[in-house]
Amino acid sequence: MKSGTADAATLRILAAIRAVPAGQVAGYGHIARRAGLPGRARLVARVLGVSTDTTLPWHRVVRSDGVIAIPRGTPGHDEQVRRLRSEGVTVTNGRVRMPRSADGDALDAALWGPTPRR
DNA sequence: ACGCTGACATTGT
DNA sequence: AACAATGCCAGCG
């Protein structure tokens with residue numbers, strides 16, 4: 001029976017999103033890769049769309065360019081911006097200040113690099 | 001089975 | 001920074 005069990009991929013994606021620390025943002029591709037699904041950024045997007053999990057920090061997930069994935073003028077976009085600012089993230093014109101190359105990548109590698117899978 | 005759409009990424013211009 | 005092209009996969013009609 002199917003019961004309320006989602007696919008393994010979905011669970012891994014959700015776990016990866018929850019692993020993102022507050023005040024920090026991650027790209028869809030980044031999350032996908034962390035979930036063991038390289039190239040499946042779109043899948044991550046869809047999962048977020050259907051997921052109703054309020055405990056999920058979906059607002060910390062943005063596009064690789066730092067642009068909010070939700071179109072402007074929608075309540076979702078507004079709420080995401082509000083939450084990000086609430087966590088100390090600088091958001092300007094629907095775009096968040098992304099940790100460019102070097103430090104961002106290095107820090108990420110230091111956090112979740114040499115320890116894949118939990 | 002087929003074509004479109006989508007909370008995307010990467011590369012090139 | 002912005003746009004175009006290509007890749008990628010899951011839903012929907």
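Everything numeric here is computed off the predicted structure, so don't read it as measured data. Heavy-atom basis, side chains included; hydrogens, waters and symmetry copies ignored. Letters A, B, ... are given to chains in the order of the sequence lines, protein chains preceding strands, and every chain is numbered from 1.
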Quiz prompt | Residue list, salt bridge (charged side-chain N to carboxylate O under 4.0 Å, His left out) with Arg40(A), at least two apart or on another chain | solution = none
Quiz item: Separation of Asp78(A) atom CG from dA7(B) atom P, in whole Å?
Solution: 18 Å
Quiz item: Taking only residues at least two apart or on different chains, which pairs with a member in residues 42-53 of chain A satisfy salt bridge (charged side-chain N to carboxylate O under 4.0 Å, His left out)?
Solution: Arg18(A)-Asp53(A)
Exercise. Please state how far atom CG in Leu37(A) lies from atom C1' in dG7(C), giving the value in whole angstrom units.
Key: 16 Å
Quiz item: For Ser64(A) and dC8(B), is the shortest distance between a side-chain N/O and OP1 or OP2 below 4.0 Å?
Solution: no
Quiz item: CD1 of Ile13(A) versus P of dA7(B): gap in Å, rounded?
Solution: 15 Å
Quiz item: Side chains of Ile13(A) and Leu43(A): does their closest heavy-atom pair fall under 4.5 Å?
Solution: yes
Self-check item: Base-contact (B) and sugar-phosphate-only (S) positions in nucleotides 8-13 of chain C, heavy-atom cut-off under 4.0 Å, - elsewhere
Solution: BSSS--
Quiz item: Hey, does Gly49(A) reach any base, or is it just sugar-phosphate, or nothing, if we go heavy atoms under 4.0 Å?
Solution: base
Quiz item: Quick one: does Ile68(A)'s side chain get under 4.5 Å of Leu84(A)'s, heavy atoms only?
Solution: yes
Self-check item: Distance in angstrom units between Glu79(A) CD and dA7(B) P, rounded
Solution: 17 Å
Self-check item: Nearest-Å distance for atom pair CD1/P, residues Ile31(A) and dA9(B)
Solution: 11 Å
Self-check item: Nearest-angstrom distance, P atom, dA7(B) to dT6(C)
Solution: 22 Å
Quiz item: If only atom types and distance count, is the side chain of Gln80(A) paired as donor or acceptor with the main-chain N or O of Val61(A) below 3.5 Å?
Solution: yes
Exercise. Would you please confirm or rule out a distance under 4.0 Å between OP1 or OP2 of dA2(C) and any side-chain N or O of Arg95(A)?
Key: yes
Quiz prompt | Tyr28(A) OH to dG6(B) P, straight-line distance once rounded to whole Å | solution = 14 Å
Quiz item: Is the backbone of Val91(A) close enough, under 3.5 Å, to the side chain of Arg85(A) for a donor and an acceptor to pair up by distance?
Solution: yes
Practice problem: Provide, to the nearest angstrom, the distance between the CD1 atom belonging to Ile68(A) and the P atom belonging to dC8(B). | Solution: 12 Å
Exercise. Send over the distance from Leu84(A) CG to dA7(B) P, rounded to a whole Å.
Key: 18 Å
Quiz item: For Val44(A) and Ala32(A), which heavy atoms make the closest approach, and how far apart are they?
Solution: CG2-CB, 3.7 Å
